[in-house]
Amino acid sequence: EASIMRPKGYTVSFHCNPDMEKHHFGMTHPMKPWRLTLSKSLIYSYGMSFAMDNYVSRAATYEELADFHSTDYLDFLGTVLPEPVPRDLENQNPDLKFNLGGSDCPLFEGLYDYCSMSAGGALDAARKICSKQSDIAIAWGGGLHHAKKAEASGFCYINDIVIAILQLLRFHPRVLYIDIDVHHGDGVEEAFFSTDRVMTVSFHKYDPNNFFPGTGALDDNGPKNEHNSGAHHAVNVPLQDGITDEQYDMLYNTIIGRIVEKFRPSAIALQCGADSLAGDRLGRFNLQVQGHGACVEFCKRMNLPLILFGGGGYTPRNVARAWTYETSIAIGCQDKINPILPQHTPWRDQFRQDTLFPTLEQILGEPRLNKNPPKRLQEIVQHVTEQLRFVQA
Ligand code: ZLV
Ligand code: CA
Ligand code: ZN
C-alpha cells in the first residue's frame with residue numbers, strides 16, 4: 001500500500017533503534033522488546049514510513065541520562081553483569097542494589113545499551129519538537145514511566161519520559177503529561193512533583209494491595225503544602241477492572257479537555273502503554289484499539305506539539321495493532337488504511353493466532369467483568385474539576 005500520503009501542513013517523525021529490540025529480559029519475563037519489531041513491521045507494511053520522517057535514534061549519552069538519574073545509579077547500571085544463574089520467582093534476593101536484579105528488573109546482556117537506546121529515541125523526539133522540525137514525534141521504544149532517579153522499578157531502568165520532558169522544558173513553559181498505561185505513572189509524577197510547569201495525569205487500575213505499583217489514589221494530587229508550586233499539579237484517575245471504550249472516552253475527554261483549558265500547556269507528552277487493551281497478559285481493562293487510539297486522536301485535535309511514547313503492552317500482536325493504528329492517527333490516514341492486515345507482513349502468523357483473516361482493530365481476549373459503576377466515574381470527574389480550581393496557567 002504505497003498510497004499513504006504525507007500529511008499536509010504538519011510533520012510526523014518516527015524514532016526507533018533496531019538494536020534495542022534484540023534485547024531479552026529472560027524467557028518468562030512479560031516484557032518482550034521484539035514487540036517493537038512486530039509493531040514496526042506492521043507500520044511499514046502499511047507504507048506509513050513514506051508519510052513520516054524516519055530516524056534511527058542514537059543512544060543517549062551518560063550526561064544526558066544524568067539530567068535526571070544519579071551518577072551512583074548510572075555508574076552501577078553501567079557495570080553490573082548478568083547473573084550467571086538467573087534467580088527464579090520464588091527465590092528473590094531481598095537486598096538488591098538500586099532494585100536491580102530482581103525478577104521485575106533483571107540484569108541481562110546489554111542492559112545499559114538497551115536503556116540508553118530507549119532514552120535516545122525519546123530525547124531525539126523531544127529535540128525534533130523543540131526545533132519545530134516535527135509537530136508529532138513518535139518514540140514507541142520509550143515510555144518507561146516507573147524508573148526513579150536512583151532506582152529501577154517495574155521493568156523500567158531509565159526514565160526516558162522524564163529526560164524528554166526536561167528537554168521540552170528548555171523551550172516550553174508548560175508541558176502536559178498524560179499516561180494511559182494500565183499502571184500508575186509514578187516515576188514521572190514523582191520527578192515533577194514540585195513544579196507547576198508540568199502537570200501529570202495518569203489513568204490506571206488502582207488497587208493499593210493487589211496491583212502494581214499501588215500508588216495513584218484520586219486525592220494524591222501533589223505536595224500537600226500550598227506554598228509548593230507543584231500543589232494540585234498531579235491528577236490521578238484510579239479505575240477498576242473491565243472499563244470500556246465508552247466510559248474511558250467520557251472520562252478522558254472531560255478531564256483532558258478541562259485540563260487543557262485551565263493549564264494551557266504548550267506541548268503534550270502522551271505515554272501510550274498498550275497494556276490497557278483488552279486481552280493484555282498483565283492488564284485488566286476492556287479497551288479496544290479504537291478506544292485506546294481515541295486518546296491519541298483527542299490530543300492531536302488540541303493542535304499542540306505532541307510526543308507519543310510507548311510503555312507497557314504484554315500481548316505483542318495487540319501492542320502492534322494499537323501502535324500501528326496510533327501511528328496512522330498521527331499521520332491522519334486512519335480512514336484510508338485497509339482494516340484487513342497486509343498479506344505480506346513478515347510476522348503474519350503472529351496475528352493468525354486470532355483468526356484466519358486478521359484485522360488491524362479486532363483484538364481477541366475474554367472481556368473482563370466491568371467493575372466501574374457510573375456513579376464512581378462521576379465522582380472522579382467531580383474531584384478533578386474541583387482540583388482544577390486551584391490551577392492557574
Ligand atoms: O507496564 O513479574 O507486582 C511499564 C509498565 O507499567 C510486581 N511487579 C512486583 C511487586 C511484587 N512484585 C512481584 C514480582 C513479580 C516478578 C516478575 C512478572 C512475571 C511474570 C508475570 C507477571 C509479572 C508481573 N510483575 C506482573 N506485574 C508485575 C509488577 C510490575 C509491573 C510493571 C509494569 C510496567 C513498562
Ligand atoms: Ca497510567
Ligand atoms: Zn503498564
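First listed ligand is number 1; within each ligand, the first listed atom is number 1. The figures here come from the full heavy-atom set of this structure, side chains too, leaving out hydrogens, waters and symmetry mates. Counting from 1, the numbers follow the sequence of the chain as shown.
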Which N, O or S atom of Asp179 lies nearest to the Ca ion (ligand 2), by name | OD1

Atom name in His183, limited to N/O/S, at shortest distance from the Ca ion (ligand 2) | O

Strictly under 6.0 Å, is that where the ring centroids of Tyr114 and Phe108 end up?
-> yes

Pair Asp275 + Lys205, salt bridge at N-O below 4.0 Å = no

Is the Ca ion (ligand 2) under 3.0 Å from any N, O or S atom of His145?
-> no

Which atom of Asp181 approaches the Zn ion (ligand 3) most closely (N/O/S) | OD1

Of the listed options Asp104, Asn210, Asp186, closest to atom 15 (C) of ligand 1 (non-hydrogen atoms) | Asp104

Using 3.0 Å as a strict upper limit, say whether an N, O or S atom of Gly273 approaches the Ca ion (ligand 2) that closely.
-> no

Atoms of ligand 1 close to Met31 [distance to a heavy atom under 4.0 angstrom, numbered from 1] = 35 (C)

For Gly312, counting its heavy atoms only, list the atoms of ligand 1 lying under 4.0 Å from any of them.
-> 1 (O), 4 (C), 35 (C)

Does a side-chain N-to-carboxylate-O contact under 4.0 Å join Glu64 and Arg58?
-> yes

Do the side-chain N and O atoms of His383 and Asn221 include a donor-acceptor pair separated by under 3.5 angstrom?
-> yes

Close aromatic pair by centroid cut-off 6.0 Å: Phe211 and His183 = yes

Does Gln353 CD have over 12 foreign heavy atoms under 6.0 Å away?
-> yes

Approximate separation, where rounding is to 0.5 Å, of Cys130 SG and Gln167 CD | 4.5 Å

Is the distance from the Ca ion (ligand 2) to some N, O or S atom of Ser202 under 3.0 Å?
-> yes

All side chain to side chain donor-acceptor pair (under 3.5 Å) counterparts of Glu151, not counting sequence neighbours | none

Test item, Tyr314 contacting ligand 1 (heavy atom, 4.0 angstrom) = yes

Is the Zn ion (ligand 3) less than 2.8 Å from at least one N/O/S atom of His183?
-> yes

Separation between OH of Tyr206 and CD of Gln240, rounded to the nearest 0.5 Å | 9.5 Å

Contact check: Arg281 vs ligand 1, nitrogen or oxygen atoms, below 3.5 angstrom = no

State yes or no: are the ring centers of His233 and Phe263 separated by less than 6.0 Å?
-> yes

Are any of the heavy atoms in Gly273 under 4.0 Å away from ligand 1?
-> no

Indicate, as side chain, backbone, both or neither, the part of His29 found under 4.0 angstrom from ligand 1 when only non-hydrogen atoms are considered.
-> neither

Answer key: the N, O or S atom of Asp275 nearest to the Zn ion (ligand 3) is OD2

Taking N or O atoms only and a 3.5 Å limit, does Thr28 qualify as a polar contact for ligand 1?
-> no

Salt bridge present between Glu261 and Arg258 (N-O < 4.0 angstrom) = no

May I ask you to check whether His29 and Phe155 place their ring centers less than 6.0 Å from one another?
-> yes

Here the atoms of ligand 1 under 4.0 Å from any heavy atom belonging to Asp275 are 1 (O)

Just give me the atom name: the N, O or S atom of Asp181 closest to the Ca ion (ligand 2).
-> O

Which atoms of ligand 1 sit under 4.0 Å from any heavy atom of His145?
-> 4 (C), 5 (C), 6 (O)

Would you check whether Ser103 has a nitrogen or oxygen atom less than 3.5 angstrom from a nitrogen or oxygen atom of ligand 1?
-> no

